[in-house]
Amino acid sequence: MKGADNQSTGRRSVLKATGAVGVTAGLGAIAGCLDDPTGDDDETDELVITQGEIIENPDPNDHITGPYFNVLDPVYEPLFNVTPEFEFEPRVVTEWEDTDDGAELTIQEGITFHNGDEMTADDVAYTFNRMIDPDEGIESDQAAGLGAIDNAEALDETTVLLEHDVAPSLAEFEYANYGRVVNQEWIEDQDQPIAGNDADAFNGTGPYEVVEYEPDVQIVLEPFDDYWGDDATLERVVFNQDGESSGRANALETGESDIVDNIIPEDVAGVDDADGVEIREETSLRNVFLVMKSGVEPFDSTEFRQAMNYAVDNQGIIEDSLGGYGEAMTQPIPDGVFGHNPDLDPYEQDLEYAEELVEESGHAGVEITLYSPEGRYLNDADVAEMAADQIDQLENVDCDFDTAPFPDISDANSAPYDDDEIPFFLIGWGVITGDSDYGLAPFFVEEAPQETLRNEDISEMILESQTIEDEDEREAQLQEINAELREEAPWVFLHSQDSVYGVRDDIGWEPRADESIYLWDIDS
């Protein structure tokens with residue numbers, strides 16, 4: 001696993017209380033000129049990126065989905081650059097240091113929002129508080145990734161204190177991955193979360209500004225003339241949406257798009273054989289699984305949850321539905337992430353034993369429904385339907401299958417552990433920080449934003465792990481937690497997903513393990 005090896009190295013190299021100091025935003029690597037898809041030299045050159053999803057709403061703090069970050073990061077730039085090796089580099093934040101009171105971030109001077117207002121340390125502090133304190137702003141899904149941060153405060157015009165009481169390295173992983181800054185004065189005049197259906201609904205500090213926005217259709221970006229860092233070199237960028245892999249592949253092959261995501265195995269050969277385009281792939285840190293809300297019958301039974309794992313032929317699904325583009329999961333955390341336990345084995349399909357466990361659970365004869373999004377993950381609906389069919393093979397369980405819009409699935413994921421509206425569903429989670437805590441705390445700490453399983457012992461073990469400063473000791477604790485969770489089976493563990501893209505072959509860009517598409521990484 002290329003991404004895994006790189007991840008492990010990066011994880012240890014950033015385990016230090018004081019961050020690096022230095023350079024600027026690093027946008028200068030882009031060069032060249034895009035082909036004009038219209039063939040008219042008078043037209044503006046543009047790059048088109050087609051994804052299965054674009055954005056649900058314009059609010060940069062109200063989402064936690066990779067494709068949404070791809071669209072919004074050029075507009076609301078990240079505080080840090082995160083390299084493909086998961087190193088953190090200065091960007092909006094130029095220096096960072098852990099103190100007895102928390103992490104102190106030094107902010108780059110001379111940054112302006114697209115409406116002309118100067119960005120201040122107060123804006124940065126407000127952004128964090130808006131995400132972690134519902135009374136301050138919105139109930140942000142990004143709070144799941146900021147569980148270590150208790151409060152943010154501007155100490156002066158360029159310094160922000162992030163209060164926390166966890167290991168410095170853990171806090172660093174959290175604040176370095178979140179914090180696209182919003183303009184406090186501007187945003188307090190908006191609906192909460194930000195609504196709107198045109199370009200006026202956006203106001204970031206990034207190298208690109210929004211010039212057109214059609215919800216659920218497309219968003220068009222052009223360079224922001226007063227950007228504080230290196231000039232953006234792509235003249236015009238269009239993100240659009242097509243929920244069907246075949247549609248995305250066709251857009252690529254006909255020249256209507258330049259980069260498309262999530263090409264399913266059935267479409268790979270066609271893309272690879274087409275002129276001027278090719279397949280590029282990378283093993284991602286995205287874990288795909290079936291959530292079973294433990295506060296809802298029959299999923300309140302450990303035996304029943306284990307039975308669901310024994311009912312599913314995980315490796316068979318990877319081969320038949322994903323064309324081998326995946327790796328069987330053994331625990332909640334994918335290989336390559338700090339704290340992954342290498343000694344655990346995947347559940348193997350055993351229908352007879354699964355039926356015995358169902359009997360022990362006391363839920364024999366139960367009827368359940370598995371829900372799945374369609375087009376969000378690699379062959380997601382097909383994967384879920386195969387799993388449902390396999391569960392339905394059990395003589396003492398009836399399992400139906402249905403699809404649901406991704407926002408509904410996302411809402412179910414954020415619902416409490418005893419919410420019974422959609423208690424059984426497929427979803428994916430990218431452990432983008434490279435640390436197990438990001439894949440554990442949001443789901444398994446009591447009253448966490450995506451609480452799936454309520455288990456007091458495991459919750460306490462996770463909270464304890466957050467305070468362990470010795471790296472080896474903390475890794476051992478996380479591995480023990482993963483072993484406990486394999487037995488508790490809060491999810492049907494499916495696979496870590498390969499990211500499969502179709503790309504115009506003259507574009508210089510390589511997929512990343514964290515699935516990010518940064519415009520400043522594209523050389524055409």
Spatial distance of atom [atom1] ([X]) from atom [atom2] ([Y]) [nearest 0.5 Å]:
| X | Y | atom1 | atom2 | value |
| --- | --- | --- | --- | --- |
| Leu72 | Asn57 | CG | CG | 8.5 Å |
| Ile54 | Tyr68 | CD1 | OH | 9.0 Å |
| Leu440 | Leu485 | CG | CG | 6.5 Å |
| Glu53 | Tyr377 | CD | OH | 8.5 Å |
| Asn151 | Asp101 | CG | CG | 11.5 Å |
| Glu446 | Ile462 | CD | CD1 | 11.5 Å |

Please list, chain by chain and in numerical order, all residues satisfying ring-ring contact (aromatic ring centres under 6.0 Å, His included) with Phe69, sequence neighbours excluded. His63
Could you pull out all residues at least two apart from Glu451 that satisfy salt bridge (Lys or Arg N to Asp or Glu O under 4.0 Å)? Arg454
Taking only residues two or more places apart in sequence, or in another chain, which ones meet Asp59 in a salt bridge (Lys or Arg N to Asp or Glu O under 4.0 Å)? Arg130
Taking only residues two or more places apart in sequence or in another chain, which ones pass side chain to side chain donor-acceptor pair (under 3.5 Å) with [X]?
| X | result |
| --- | --- |
| Thr50 | Asn240, Ser257 |
| Glu281 | none |
| Gln466 | Asp437 |
| Asn129 | none |

Test log, rule salt bridge (Lys or Arg N to Asp or Glu O under 4.0 Å), inputs Arg236 and Glu212: CA-CA 11 Å; Arg236 182 178 169 94; Glu212 297 176 27; 3.2 Å; yes
Expected output: side-chain Asn341 to main-chain Gln479 donor-acceptor under 3.5 Å: yes
Backbone N or O of Phe113 within a donor-acceptor pair of the Thr205 side chain at under 3.5 Å? no
Can you give me the closest heavy-atom contact between [X] and [Y], atom names plus distance?
| X | Y | result |
| --- | --- | --- |
| Gln477 | Met461 | NE2-O, 3.1 Å |
| Val431 | Ile333 | CG2-CD1, 4.5 Å |
| Asn287 | Pro334 | CB-CD, 4.4 Å |
| His114 | Glu209 | ND1-CB, 3.5 Å |
| Gly110 | Trp228 | O-CB, 3.6 Å |
| Tyr417 | Ser294 | CD1-OG, 3.6 Å |

Checking side-chain contact (heavy atoms from CB on, under 4.5 Å) for the pair Leu453/Glu488: CA distance, chi angles, key distance, verdict? CA-CA 9 Å; Leu453 172 75; Glu488 278 295 309; 4.1 Å; yes
Just do the ring-ring contact (aromatic ring centres under 6.0 Å, His included) check on Phe289 and Trp429 with the steps written out, would you? CA-CA 8 Å; Phe289 48 93; Trp429 188 265; 7.9 Å; no
Any side-chain donor paired with an acceptor under 3.5 Å for [X] and [Y]?
| X | Y | answer |
| --- | --- | --- |
| Asp123 | Thr120 | yes |
| Ser410 | Asn413 | no |
| Asn115 | Asp117 | yes |
| His340 | Gln331 | yes |
| Asp98 | His164 | yes |
| Gln241 | Gln218 | no |

Between Phe202 and Tyr213, is a ring-ring contact (aromatic ring centres under 6.0 Å, His included) present by the stated rule, with each step listed? CA-CA 10 Å; Phe202 302 84; Tyr213 174 50; 5.1 Å; yes
With a 6.0 Å cut-off on the ring centroids, do [X] and [Y] count as close?
| X | Y | answer |
| --- | --- | --- |
| Phe128 | Tyr178 | no |
| Phe80 | Trp96 | yes |
| Trp491 | Phe425 | no |

Please determine whether side-chain contact (heavy atoms from CB on, under 4.5 Å) holds for the pair Leu155 and Glu104, giving the CA-CA distance in whole Å, both sets of side-chain angles, and the decisive distance to 0.1 Å. CA-CA 9 Å; Leu155 300 180; Glu104 288 189 6; 3.8 Å; yes
For the pair Glu515 and Asp261, evaluate side-chain contact (heavy atoms from CB on, under 4.5 Å) and give the outcome as yes or no after the intermediate values. CA-CA 9 Å; Glu515 305 175 35; Asp261 69 358; over 6 Å; no
Is the NZ or CZ atom of Arg376 positioned over Phe406's six-membered ring, under 6.0 angstrom from the centre and within 45° of the axis? yes
Set of residues satisfying side-chain contact (heavy atoms from CB on, under 4.5 Å) with respect to [X], sequence neighbours excluded:
| X | result |
| --- | --- |
| Glu469 | Ala167, Pro168 |
| Pro405 | Pro407, Asp408 |
| Ser516 | Asn70, Arg512, Asp514, Tyr518 |
| Pro423 | Lys293, Val296, Phe299 |

Are more than 12 heavy atoms from other residues, nucleotides or ligands located less than 6.0 Å from atom CD of Glu136? yes
Please check if atom CD in Glu214 has more than 12 non-hydrogen atoms from other residues, nucleotides or ligands closer than 6.0 Å. yes
Pairs in or reaching into residues 174-202: which pass salt bridge (Lys or Arg N to Asp or Glu O under 4.0 Å), with residues at least two apart or in two chains? Asp73-Arg180
Do [X] and [Y] come within less than 4.5 Å of each other through their side chains, counting heavy atoms only?
| X | Y | answer |
| --- | --- | --- |
| Phe88 | Val82 | yes |
| Pro490 | Phe443 | no |
| Leu234 | Glu46 | no |

Is any side-chain N of the basic residue among Arg504 and Asp258 closer than 4.0 Å to the acidic one's carboxylate O? yes
Between Thr94 and Gln108, does the side-chain hydrogen bond (donor to acceptor under 3.5 Å, both in side chains) criterion hold? Intermediate values first, please. CA-CA 6 Å; Thr94 60; Gln108 173 75 40; 5.4 Å; no
In sequence, state the C-alpha distance, the side-chain angles, and the governing distance for Asp523 and Trp509, and then conclude on side-chain contact (heavy atoms from CB on, under 4.5 Å). CA-CA 6 Å; Asp523 187 2; Trp509 173 80; over 6 Å; no
